[in-house]
Amino acid sequence: MAAIKLFLLVGFVALFINNVSGQNDLCGTLYFQCDNGRCIFHAPPVISWLCDGFDDCGDGSDEANCGSDVTRPPCYTGLWQCDNGGCIPEERRCDGLYDCHDFSDENNCARPFRFDVISSYG
């Protein structure tokens, strides 16, 4: 576990230095170089931000040309996974409000949600 923490710490420091300095020579065998010059982790099977369904580069280049290789991490217990990979609390699924950025939390609901207006003015 300590080795993984050290690996991540060194990687984040290198990513920070790369973003500050603008140099592209820090991307090595454990990284993917984005089209904009940023370096993101790519050391499968330990960790990889390439083709994970999230725009880690900020320019989309880490999600380009992935085809069916996109592997989104699962949501934790008690969360529902949106079609785009995001996670929301399960109780927000089919509640009549769009919580997922792709609106998938309101698709295929057993019954449509209905808002009842209650008036306190006789």
Side-chain angles (χ1 to χ4, degrees):
M1 188 66 172
I4 292 175
K5 288 182 180 178
L6 179 61
F7 171 77
L8 292 175
L9 177 63
V10 170
F12 281 117
V13 169
L15 183 62
F16 175 75
I17 291 170
N18 183 43
N19 285 337
V20 171
S21 68
Q23 297 174 351
N24 297 330
D25 59 349
L26 293 177
C27 292
T29 57
L30 300 178
Y31 301 92
F32 168 81
Q33 185 167 350
C34 307
D35 290 348
N36 63 10
R38 290 184 67 191
C39 301
I40 62 167
F41 286 115
H42 182 58
V46 178
I47 186 170
S48 180
W49 293 353
L50 184 64
C51 295
D52 65 351
F54 299 101
D55 181 12
D56 302 296
C57 288
D59 64 4
S61 59
D62 60 313
E63 300 304 315
N65 305 315
C66 291
S68 61
D69 293 338
V70 176
T71 54
R72 294 178 176 97
C75 296
Y76 293 108
T77 303
L79 298 176
W80 185 81
Q81 189 156 29
C82 307
D83 289 347
N84 68 357
C87 301
I88 62 168
E90 285 180 349
E91 61 270 11
R92 292 190 178 176
R93 166 102 167 92
C94 295
D95 66 353
L97 303 172
Y98 293 116
D99 300 292
C100 294
H101 293 291
D102 63 0
F103 311 118
S104 61
D105 58 308
E106 299 303 319
N107 293 338
N108 303 316
C109 296
R111 62 180 172 83
F113 189 84
R114 199 184 95 182
F115 288 102
D116 291 324
V117 177
I118 300 172
S119 175
S120 60
Y121 302 103

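On a predicted model such as this, the values are computed, not experimentally measured, just so you know.
The minimum heavy-atom distance between L97 and D105, with the atom names listed, is O-OD2, 3.0 Å.
How far CZ of R38 is from CG of D56: 8.0 Å, rounded to the nearest 0.5 Å.
Both F41 and L30 are part of a single hydrophobic cluster, where members link through side-chain heavy atoms under 4.5 Å apart.
In this structure, the side chains of Y31 and H42 stay at 4.5 Å or more apart for every pair of heavy atoms. Put simply, the side chain of S61 does not reach to within 4.5 Å of the side chain of Q33, judged on heavy atoms. When side chains are defined from C-beta on, W49 does not count as touching C57, because their heavy atoms never get closer than 4.5 Å. You'll find the side chain of C34 reaches within 4.5 Å of the side chain of I40, heavy atoms only. Contact annotation: the side chain of E106 approaches that of D95 to within less than 4.5 Å [non-hydrogen atoms, C-beta and beyond].
Remark: F103 engages Y98 in a side-chain contact (heavy atoms from CB on, under 4.5 Å) (not counting sequence neighbours). By the side-chain hydrogen bond (donor to acceptor under 3.5 Å, both in side chains) test, D55 pairs with no residue at all, sequence neighbours left out. D102 meets the side-chain contact (heavy atoms from CB on, under 4.5 Å) test with C82, D83, N84, C100, S104; sequence neighbours excluded.
Side-chain atoms of D62 do not come within 3.5 Å of backbone N or O of L50 as any donor-acceptor pair. Looking only at distances, no side-chain donor or acceptor of R92 sits under 3.5 Å from a matching main-chain atom of D99.
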